[in-house]
Amino acid sequence: QVQLVESGGGLVQPGGSLRLSCVASGGSFSNDFMMWYRQAPGKRREWVATMRFGGFPSYVDSVRGRFTTSRDNAKNTVYLQMNNLRPEDTGDYYCNDGLSVWGQGTKVTVSS
């Protein structure tokens, strides 16, 4: 069974950047798109971005222009490049293709 594994989170100052990775462990991606979500402390999980393999991505308004999705087919990996990070971007970030179980996520903390 393919498992999605997120990584790349960490502590960064406001205005900084991080690149998150989502690896399909044990096989290839099961669907033709990948979504990124985040969950801030004490809040519900929210959708952040969708990467459509072969199509155009979409982003929630709060990250559009700052976050970018990409993919490395050879590595079965999808990335979320996050630039100009803000404190409100803090949270646990997850990838999901709509078919897989939720992974452990990767924690992003934006703080000075």
Side-chain angles (χ1 to χ4, degrees):
Q1 181 179 2
V2 174
Q3 185 174 1
L4 301 176
V5 180
E6 304 92 346
S7 64
L11 172 63
V12 63
Q13 293 185 343
S17 298
L18 285 173
R19 189 178 74 162
L20 306 185
S21 300
C22 171
V23 177
S25 175
S28 303
F29 292 118
S30 302
N31 214 335
D32 58 0
F33 60 89
M34 186 64 70
M35 297 175 286
W36 286 94
Y37 294 82
R38 67 185 178 191
Q39 187 167 17
K43 295 188 176 181
R44 302 177 71 172
R45 189 173 295 171
E46 67 167 347
W47 169 78
V48 174
T50 297
M51 179 178 187
R52 296 173 181 83
F53 302 160
F56 293 101
S58 54
Y59 303 93
V60 68
D61 287 347
S62 59
V63 309
R64 189 175 295 114
R66 301 187 296 122
F67 289 13
T68 305
T69 58
S70 63
R71 179 186 180 192
D72 186 330
N73 293 334
K75 296 182 179 180
N76 281 332
T77 302
V78 170
Y79 302 99
L80 181 67
Q81 177 68 43
M82 308 187 297
N83 298 327
N84 193 19
L85 284 161
R86 305 168 180 170
E88 54 264 37
D89 295 319
T90 293
D92 294 322
Y93 282 70
Y94 304 85
C95 59
N96 197 282
D97 58 6
L99 298 174
S100 302
V101 298
W102 292 99
Q104 299 282 344
T106 185
K107 182 176 294 293
V108 172
T109 303
V110 184
S111 175
S112 55

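Keep in mind that the numbers below use all heavy atoms, side chains included, and drop hydrogens, waters and symmetry copies. In this chain, numbering begins with 1 at the start of the sequence shown.
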- Query: Hey, which of Cys95, Ser70, Ser21 is the one that makes side chain to side chain contact (heavy atoms under 4.5 Å, CB included) with Thr77?
  - Reply: Ser21
- Which distance, rounded to the nearest 0.5 Å, do you find between the CE of Met82 and the CZ of Arg19? 11.5 Å
- Closest contact, heavy atoms only, Gly91 versus Pro41: CA-CD, 4.4 Å
- Rounded distance [0.5 Å steps], OG in Ser17 versus CG in Asn84: 7.5 Å
- Query: Any link between Leu11 and Tyr93 through a network of hydrophobic side chains (Ile, Leu, Val, Met, Phe, Trp, Tyr) touching at under 4.5 Å?
  - Reply: no
- Are Cys22 and Met34 side-chain neighbours, meaning at least one heavy-atom pair lies under 4.5 Å? yes
- May I have the step-by-step check of side chain to side chain contact (heavy atoms under 4.5 Å, CB included) for Asp89 and Arg66, ending in yes or no? CA-CA 11 Å; Asp89 295 319; Arg66 301 187 296 122; 2.8 Å; yes
- Under 3.5 Å donor-acceptor, Thr90 side chain and Val110 backbone: yes
- Task: Test Thr50 against Phe56 for side chain to side chain contact (heavy atoms under 4.5 Å, CB included), laying out the working first.
- Result: CA-CA 9 Å; Thr50 297; Phe56 293 101; over 6 Å; no
- Task: Test Asp61 against Arg64 for salt bridge (charged side-chain N to carboxylate O under 4.0 Å, His left out), laying out the working first.
- Result: CA-CA 5 Å; Asp61 287 347; Arg64 189 175 295 114; 2.5 Å; yes
- Query: How many angstroms lie between NZ in Lys107 and OG in Ser7, if you round to the nearest 0.5 Å?
  - Reply: 15.0 Å
- What's the verdict on side chain to side chain contact (heavy atoms under 4.5 Å, CB included) for Val63 and Arg38, showing C-alpha distance, side-chain angles and the deciding distance? CA-CA 12 Å; Val63 309; Arg38 67 185 178 191; 3.8 Å; yes
- Should we count CD of Gln39 as having more than 12 external heavy atoms under 6.0 Å? yes
- Query: Do the side chain of Asp92 and the main chain of Gly105 share a donor and acceptor less than 3.5 angstrom apart?
  - Reply: no
- Message: Any heavy-atom pair between the side chains of Ser58 and Phe33 that's under 4.5 Å?
- Response: no
- Sub-4.5 Å side-chain heavy-atom contact between Leu20 and Glu6: no
- Query: For the hydrophobic clusters of this structure (ILVMFWY residues joined by side-chain heavy atoms under 4.5 Å, transitively), does one cluster hold both Met51 and Val5?
  - Reply: no
- Task: Is it possible for you to say whether Val78 and Leu18 belong to one hydrophobic cluster, with membership spreading through side-chain heavy-atom contacts below 4.5 Å?
- Result: yes
- Group every Ile, Leu, Val, Met, Phe, Trp and Tyr by side-chain heavy-atom contacts under 4.5 Å, then state whether Phe53 and Val48 land in the same group. yes
- Task: For the residue pair Asn73 and Arg71, confirm or rule out a side-chain donor-acceptor distance under 3.5 Å.
- Result: yes
- Same hydrophobic cluster for Tyr79 and Leu4, using side-chain heavy-atom links shorter than 4.5 Å among ILVMFWY? no
- Query: If we only count heavy atoms from C-beta on, is the Tyr59 to Thr69 side-chain gap below 4.5 Å?
  - Reply: yes
- Item | Interatomic distance, Arg86 atom CZ to Ser62 atom OG [nearest 0.5 angstrom] | 7.5 Å
- Could you walk me through whether Tyr37 and Trp102 pass ring pair (Phe, Tyr, Trp, His ring centres under 6.0 Å), step by step? CA-CA 10 Å; Tyr37 294 82; Trp102 292 99; 5.1 Å; yes
- Item | Gln3 CD: over 12 foreign heavy atoms closer than 6.0 Å | no
- Item | Shortest non-hydrogen contact from Ala49 toward Leu80 | CB-CD1, 4.4 Å
